Number of protein chains: 2
Amino acid sequence: MSLKYTLLGFLTYGPLTGYDLKKHINNSTKFFWDAKLSQIYPTLKKIENDGLAVSEVMPQNGKPDKKIYIITDKGRAALLAWLGDFPKEITATKDSELLRSFFAGSLEKENILTHLRHHMALRQAQLHKYQTETKDYIKQVIIDTGLEREAIMWELTRRFGEQYEQMYITWLEDAIQLIEDEM
Amino acid sequence: MSLKYTLLGFLTYGPLTGYDLKKHINNSTKFFWDAKLSQIYPTLKKIENDGLAVSEVMPQNGKPDKKIYIITDKGRAALLAWLGDFPKEITATKDSELLRSFFAGSLEKENILTHLRHHMALRQAQLHKYQTETKDYIKQVIIDTGLEREAIMWELTRRFGEQYEQMYITWLEDAIQLIEDEM
DNA sequence: CCTAGCATGTAACCAGTTACATGATTCA
DNA sequence: TGAATCATGTAACTGGTTACATGCTAGG
């Protein structure tokens, strides 16, 4: 359901193709809302059928024709309605690594520790990515579009990613310490 | 896919019904892996078909008969194989509220602030739950089962929940401050 | 020469949600 | 009297993944 609004959200900044939208997602919402091209294309079709956007075909040679989507007033209204919505409950975020940790009690100590250390390396890489690539991308988009108000929100969500990874790394460090000492 | 291992994981502590399993999930893994009864029942059926567990029917009157599942050696082996698995990439956790924040730049300042404050109340309630209900439940399970080694891991995942909510609340506070001052 | 990027999509499948169906007991 | 708990499940649907199909261009 939220993919629809992700696409409409990006379309408010200007007309885009499915391929463009995927690149925008990869550089920004990927870590809290991601989708594959094979899901994006049918969703765009549905958006057009519902009158939330219209498409224009730009012929190309050697490549498939580009299909550019333009948001309609109805699409803008639908996005605003969604933005104004309040959830009454927090939605549980799934994390299979926490699940694995939860049931890891039956494994050998060293086995658990190897697991946690491996996971930590992945988290550190992700933290680094938020602090470099993602940060640079947001800076560039601000320069290119001049959307200052939006930029505040984009930077805030980037910082969430950064703080989430930092919290995760601290938790992993503490977990490793505790298991080394008490297991 | 992970629901299968969630169910097998709980079944290693003893024979349980689908209904029992849901209660265990609600008290522990719910915040990083949840499922409805309508998904649990067919998954248990699949687990039995694959030979990972066997079921015994206990007749009752006035209620549907209880169907108790018992994990098999094949089931234990499957769980251990999964526990030993390493993911090569971190999986993006979906969060529609972050997505809403990402696209909230077009809304009025007060509108965004109301949203963030509302979200904060939900997060504080969840934090409190981890610090009371969830903590008490783990204590009780340790008393009842004496699974000390497992208890270390359960307590660690509970602490993750606590630290996650604390991080989220801090982020929301900072976001509110920033928007009040700079928007 | 091979990989990555550009650019579209479909088909089959798996995971998960919502709604429906049944019905007794207990507690506020 | 009505909601919650116990206890099972099915059917229809939506969301999301994997695999397949096509084919050119640019760069290392």
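Here the structure is a predicted model, which is why all the values come from computation and not from measurement. Here is the naming used below: chain letters follow the sequence lines, and residue numbers restart at 1 for every chain.
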Let me know the distance between [atom1] of [X] and [atom2] of [N], rounded to the nearest Å.
X: A:Ile40; N: D:dG15; atom1: CD1; atom2: C1'; value: 14 Å
X: A:Lys66; N: C:dG5; atom1: NZ; atom2: C1'; value: 12 Å
X: B:Asp65; N: C:dT22; atom1: CG; atom2: P; value: 18 Å

Euclidean distance, B:Leu178 CG relative to B:Trp171 CH2, rounded to 0.5 Å: 10.5 Å
Determine the sole option in B:Lys129, B:Arg158, B:Arg123 for which the salt bridge (Lys or Arg N to Asp or Glu O under 4.0 Å) test with B:Glu165 is passed. B:Arg123
Do B:Glu162 and B:Arg159 pass the salt bridge (Lys or Arg N to Asp or Glu O under 4.0 Å) test, and can you show the C-alpha distance, the side-chain angles, and the key distance before you say yes or no? CA-CA 5 Å; B:Glu162 203 179 321; B:Arg159 261 187 240 172; over 6 Å; no
Within residues 20-39 of chain B, residues whose heavy atoms come under 4.0 Å of DNA chain D: B:Lys23, B:Leu37, B:Ser38
In residues 74-89 of chain B, what residues come within less than 4.0 Å of DNA chain D, judged by heavy atoms? none
For DNA chain D, whose closest nucleotide is more 5', that of B:Lys94 or that of B:Pro42? B:Pro42
Going by ring-ring contact (aromatic ring centres under 6.0 Å, His included), name the residues that satisfy it together with B:Tyr13, two or more places apart in sequence or in a different chain. B:Trp154
Taking side chain as C-beta onward, heavy atoms only, is B:Ile169 less than 4.5 Å from B:Gln124? yes
Can you find a pair of side-chain heavy atoms, one from B:Thr12 and one from B:Leu8, that are under 4.5 Å apart? no
Is it true that A:Glu97 and A:Arg100 make a salt bridge, defined as a side-chain N closer than 4.0 Å to a carboxylate O? yes
Name the closest nucleotide to the [X] side chain, picking from [options].
X: B:Leu3; options: C:dT8, C:dG16, D:dA7; value: C:dG16
X: B:Lys45; options: D:dG9, D:dT5, C:dG9; value: D:dG9
X: A:Tyr19; options: C:dA15, C:dG5, D:dA7; value: C:dG5
X: B:Tyr41; options: D:dT8, C:dG9, D:dG15; value: D:dT8

Respond yes when some side-chain nitrogen or oxygen of A:Lys67 is under 4.0 Å from OP1 or OP2 of C:dT8, and no when none is. no
Neighbour count >12 (heavy atoms, 6.0 Å) for atom NE2, A:His118: yes
Flag for B:Asp144-B:Gln140: side-chain donor and acceptor within less than 3.5 Å: yes
How would you label the contact of B:Lys4 with the nucleic acid (heavy atoms, under 4.0 Å): base, sugar-phosphate, or nothing? nothing
Does B:Met1 or A:Tyr69 map to a spot on DNA chain C nearer the 5' end, using the closest nucleotide for each? A:Tyr69
